[in-house]
Participant: 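Here's a structure for you.
Note that these values count all heavy atoms, side chains included, but never hydrogens, waters or copies made by symmetry. So you know, we letter chains A, B, ... as the sequences are listed, proteins then strands, and number each from 1.
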Amino acid sequence: MTPTLSDRLAAHVLAGARSLGLPDDDAALTPTALAAHGDFQTNLAFRLAKARGENPRALAERFLAALPNDPALVASATVAGPGFINFKVTEAALAADVGARLGDDLGAPRPGVGKTLVIDFSSPNVAKRMHIGHLRSTIIGHALDGMFRFLGWRVIADNHIGDWGTQFGKLIVGWDRWRDDAAFAADPIGELQRIYQRFGEIEDPDGELATASRVATARLQAGDPELRALWRRFVDASMVEFDAVYARLGVRFDAVLGESAYEAALAGIVEKLLADGLAEVSDGAVVVRLTADDGPGLGEAPFLVRKADGAALYGTTDLATVDHRLATWAPDLIAYVTDMRQQLHFRQLFAVCRRRGIQVPFQHVGFGLLRLPGGKTASTKSGVVLNLVDVLDEAVARARAVVDQRSDTLSEDERAAIAETVGVAALKYQDLSQNPQSDIVFDWDKSLALDGNTAPYLLYAHARCRSVLRRAGDAAPGPVVLVDPSERELAMSVARTPDVIRQAAAAWRPNLLCDHLYGTTQAFSRFWERCRVVGDDVPADVTASRLTLVTATATSLRTGLGLLGIRALDRM
RNA sequence: GCCCCCAUAGUUCAGUGGAUAGAACAGAGGAUUCCUAAUCCUCAGACGCGGGUUCGAUUCCCGCUGGGGGUGCCA
């Protein structure tokens, strides 16, 4: 592995701070906003000057003088404006860096080696079709999974399926009365969904249905073999469909443990909380009372772990799940990727875990709602449902129309495969490229767009890279020599990719990686317009250099897209 | 009531207390004897309002307005 240019410059800056007698552990190093200011800048002089009440410009001048001499790395270092220190790295250092990033691991440092992350995402409910609202958790979670693994973490992607609860009583009752076996055989989830909806719509003036449903739920949870078998059928049928969607999205899990897996542990959790004095009985229910000391606003609402009727709640299940994860994987960090509406729940959950003596840090990655134009939320409740598979199909159909128009020399099979990849990638990238915490407006034309800052743009650039590498034939890659400005810009972007992956993971924000890959692609497109790689009029050493640069670009794009769950194409 | 989130160009979105706030789409105009034009180049266009902290605020704090979400027995 090779430290990145910014790692090396940060060390350079911190060495300067030490020799100035002002040791620090943050070099405040960032890429410059404008190329005219160099490659990187440090704003450390501002911070140090503020702490010491000095003039920042004067301190920056002293700082500059105190920097070590490193002519191999630093081409120039200058003080600018009120106290910025701008660095330009040498052509040789940049060229060498590009040459070190040709493998799939990008030669990147792996600071996560030895650490384990459990990340909980997707978590659909059994007997309901996945809709567009499930997309965010699934693909943001998967992208975080990919980025952390890239950084060396052992990652356990855990799909916490909603396979337990009162909805099964309703399903069982409805199944007995209204099921259509042929419909179930043809489309299991569709039939289960129909039964469930009918249960909600039908008149039940005497509460007869409600009673039957409660009885069925109780029998199921008591282990009635017949109902258990029926429940298993519902779960299995749902999982078949979920797995098909995951395969299509390219999403993987290390563990698929539904809520039912924790059923046996729930009573013990509640008893222990009571015995330890952490929980109390209140209005017949069992609650953990938190205070403002547990976190802002947490003193208001208690955390419910058992209802007055004796049933456990999702919070109880979540506590049992934490116990299981700690015992099974001994993680260093546990993360949950859910929509922001569950923020309070997780803050409470984490606080209760801390009270139970659990030291492991938790992270709730809350993302914004997906809404439709006009402000409606896309949910079963509002009656506006966009089935995920239907959206994927439409995305692929739109991609296919473009493939047929642009790539008419390719075979039918190739075109179908390309359209599938491009369509699904476009939908995923559209989501991933936005800040998770922002609400998303789903609009068919925007969400499935194939032009502009979209996955197809990145995939196309990668395909061009592969194309020229195929054409290079026997010509071998060689040392990088940066001649054209577009080459330097591209090289710098490629060199920064490992830094960006680290930052994106640390911020739990895949969109930072999307932004960077888009920038790399823009740089590549400009390079492509200006610089020929192979040809009779291109000197051999220039071809060799550019083949290395193109290889590094292709690797950076392929690896970066791969972390986002998007497979790069060699042709399109 | 209380708590949380959001407000950037016509639209959809980026933006780490830092230098001239970036893209895309839509709009106007250009580029292809040559490695994939699903491309590139040019033009035009924005930080809700009022205070505060700071050398410096779209960013942090307070208030206001507008929108969304949550809030003891759903998840």
Participant: Looking for any heavy atom pair under 4.0 Å, which part of the strands does A:N86 touch: base, sugar-phosphate only, or nothing?
Facilitator: base

Participant: Do A:Y314 and A:H160 have side-chain heavy atoms sitting under 4.5 Å apart?
Facilitator: no

Participant: Tell me which nucleotide among B:C35, B:G17, B:A23 gets nearest to the side chain of A:V533.
Facilitator: B:C35

Participant: Are any of A:R546's side-chain N or O atoms less than 4.0 Å away from OP1 or OP2 of B:C35?
Facilitator: no

Participant: In whole angstrom, give me the gap between the C1' atoms of B:C25 and B:A44.
Facilitator: 15 Å

Participant: Quick one: which of B:C35, B:A38, B:A23 gets closest to the side chain of A:R471?
Facilitator: B:C35

Participant: Could you walk me through whether A:D309 and A:R214 pass salt bridge (Lys or Arg N to Asp or Glu O under 4.0 Å), step by step?
Facilitator: CA-CA 11 Å; A:D309 67 4; A:R214 266 197 301 276; over 6 Å; no

Participant: Report the residue from A:T30, A:D499, A:D39 that forms a side-chain hydrogen bond (donor to acceptor under 3.5 Å, both in side chains) with A:S6.
Facilitator: A:D499

Participant: Take atom CG of A:N511 and atom P of B:A23, then tell me their distance rounded to the nearest Å.
Facilitator: 17 Å

Participant: Considering residues, nucleotides and ligands other than A:R470, do more than 12 of their heavy atoms fall under 6.0 Å from its CZ?
Facilitator: yes

Participant: Please figure out whether A:Y457 or A:W164 has its closest RNA chain B nucleotide nearer the 5' end.
Facilitator: A:Y457

Participant: Between A:Q342 and B:G70, is there a contact of a side-chain N or O with OP1 or OP2 at under 4.0 Å?
Facilitator: no

Participant: Between B:G69, B:C73, B:A38, which nucleotide has the shortest distance from any of its atoms to the side chain of A:L369?
Facilitator: B:G69

Participant: Heavy-atom nearest nucleotide on RNA chain B for A:R526 versus A:L512: which residue maps closer to 5'?
Facilitator: A:L512

Participant: Using a heavy-atom cut-off of under 4.0 Å over every strand shown, decide if A:F46 touches base, sugar-phosphate, or nothing.
Facilitator: base

Participant: Measuring from the side chain of A:D283 (C-beta onward, heavy atoms only), which nucleotide among B:C73, B:A37, B:C6 has the closest atom?
Facilitator: B:C73

Participant: Heavy atoms from C-beta onward define the side chain here; which of B:A23, B:A38, B:C4 lies closest to that of A:I418?
Facilitator: B:A38

Participant: How is A:D26 classified with respect to the nucleic acid when contacts are heavy atoms under 4.0 Å: base, sugar-phosphate, or nothing?
Facilitator: nothing

Participant: Calculate the interatomic distance between A:H516 atom NE2 and B:A14 atom P; express it in whole Å.
Facilitator: 19 Å

Participant: Side chains of A:L298 and A:Q348: closer than 4.5 Å at any heavy-atom pair?
Facilitator: yes

Participant: Atom CZ of A:F524 and atom P of B:C40: how far apart are they, to the nearest Å?
Facilitator: 11 Å

Participant: Determine: side-chain N/O of A:K446 to OP1/OP2 of B:A26, distance under 4.0 Å, yes or no.
Facilitator: no

Participant: Atom CZ of A:R371 to atom P of B:C5: distance rounded to whole Å?
Facilitator: 16 Å

Participant: Determine the contact category for A:Q343: base if any of its heavy atoms lies under 4.0 Å from a base atom, sugar-phosphate if only primed atoms, P, OP1 or OP2 are that close, otherwise nothing.
Facilitator: sugar-phosphate

Participant: Any heavy-atom pair between the side chains of A:F87 and A:Q41 that's under 4.5 Å?
Facilitator: no

Participant: Between B:A23 and B:U65, how far apart are the P atoms? Round to whole Å, please.
Facilitator: 36 Å

Participant: Taking the C1' atom of each, how far is B:A46 from B:A38, in whole Å?
Facilitator: 29 Å

Participant: According to the Watson-Crick and G-U wobble definitions, with both distances under 3.5 Å, which nucleotide is paired to B:G48?
Facilitator: B:C64

Participant: What integer number of Å spans the C1' atoms of B:C64 and B:C6?
Facilitator: 16 Å

Participant: Using atom C1' of each nucleotide, how far apart are B:C41 and B:G50 to the nearest Å?
Facilitator: 43 Å

Participant: Among B:C34, B:C40, B:G18, which is the nearest nucleotide to the side chain of A:R532?
Facilitator: B:C34

Participant: Using a heavy-atom cut-off of 4.0 Å across all strands, would you classify A:R47 as base, sugar-phosphate, or nothing?
Facilitator: nothing

Participant: How is A:S438 classified with respect to the nucleic acid when contacts are heavy atoms under 4.0 Å: base, sugar-phosphate, or nothing?
Facilitator: sugar-phosphate

Participant: P atom, B:C62 versus B:C4: distance in rounded Å?
Facilitator: 9 Å

Participant: Base, sugar-phosphate alone, or nothing: which one does A:T338 contact when heavy atoms must sit under 4.0 Å apart?
Facilitator: nothing

Participant: Go through A:S282 and A:R289 one step at a time and tell me if the side chain to side chain donor-acceptor pair (under 3.5 Å) criterion holds.
Facilitator: CA-CA 10 Å; A:S282 171; A:R289 292 207 185 278; 3.2 Å; yes

Participant: So A:H37, base contact, sugar-phosphate only, or nothing? Heavy-atom distance under 4.0 Å.
Facilitator: base

Participant: When both hydrogen-bonding distances must be under 3.5 Å and the geometry is Watson-Crick or G-U wobble, what is B:A23 paired with, if anything?
Facilitator: B:U12

Participant: Whole-Å distance between B:A75 C1' and A:I161 CD1?
Facilitator: 14 Å

Participant: Considering every strand shown, what is the Watson-Crick or G-U wobble mate of B:C2 when both distances are under 3.5 Å?
Facilitator: B:G70

Participant: Which base, if any, makes a Watson-Crick or G-U wobble pair with B:U53, both distances under 3.5 Å?
Facilitator: none

Participant: Touch check for A:L450, heavy atoms < 4.0 angstrom, all strands: base, sugar-phosphate only, or nothing?
Facilitator: nothing

Participant: What nucleotide among B:U36, B:C2, B:A38 has an atom nearest to a side-chain atom of A:R571?
Facilitator: B:U36

Participant: Ignoring hydrogens and angles, are the base of B:A14 and the side chain of A:Q434 linked by a donor-acceptor pair under 3.5 Å?
Facilitator: no

Participant: How would you label the contact of A:A463 with the nucleic acid (heavy atoms, under 4.0 Å): base, sugar-phosphate, or nothing?
Facilitator: base

Participant: Considering every strand and a 4.0 Å limit on heavy-atom distances, what is the contact class for A:G297: base, sugar-phosphate, or nothing?
Facilitator: nothing

Participant: Looking at B:G72, does its base get a donor-acceptor pair with the side chain of A:R306 below 3.5 Å?
Facilitator: no

Participant: Determine the contact category for A:D515: base if any of its heavy atoms lies under 4.0 Å from a base atom, sugar-phosphate if only primed atoms, P, OP1 or OP2 are that close, otherwise nothing.
Facilitator: sugar-phosphate

Participant: Can you tell me how far P of B:G72 sits from NE2 of A:H345, to the nearest Å?
Facilitator: 13 Å

Participant: Among the candidates B:G69, B:U39, B:G18, find the nucleotide nearest to the side-chain atoms of A:R341.
Facilitator: B:G69

Participant: Please tell me which of the listed nucleotides, B:G72, B:C35, B:G68, lies nearest to the side chain of A:V287?
Facilitator: B:G72

Participant: Assign A:P82 to base, sugar-phosphate, or nothing according to its heavy-atom contacts below 4.0 angstrom with the strands shown.
Facilitator: base

Participant: Distance criterion of 3.5 Å, no angle test: do you see the side chain of A:D339 paired donor-to-acceptor with the base of B:A75?
Facilitator: no

Participant: Using only heavy-atom distances, decide whether a donor-acceptor pair under 3.5 angstrom links the side-chain of A:S282 to the base of B:G72.
Facilitator: yes

Participant: Is A:Y460 close enough to B:A38 that one of its side-chain N or O atoms is under 4.0 Å from OP1 or OP2 there?
Facilitator: yes

Participant: Could you tell me which nucleotide pairs with B:G29 by Watson-Crick or G-U wobble geometry, both distances under 3.5 Å, or answer none if nothing does?
Facilitator: B:C41

Participant: What integer number of Å spans the C1' atoms of B:C49 and B:G67?
Facilitator: 15 Å

Participant: What about A:F346 and A:Y336, are their ring centers closer than 6.0 Å?
Facilitator: yes

Participant: Using the P atom as the point on both nucleotides, what is the distance between B:U58 and B:C47, in whole Å?
Facilitator: 11 Å

Participant: Can you find a side chain N or O atom of A:R406 that sits less than 4.0 Å from OP1 or OP2 on B:A38?
Facilitator: yes

Participant: Return the nearest nucleotide to the side chain of A:M340; candidates are B:C5, B:A38, B:A19.
Facilitator: B:C5

Participant: For A:A472, answer base if it contacts any base atom (sugar-phosphate contacts may also be present), sugar-phosphate if it contacts only those atoms, and nothing otherwise; contact means non-hydrogen atoms under 4.0 Å.
Facilitator: nothing

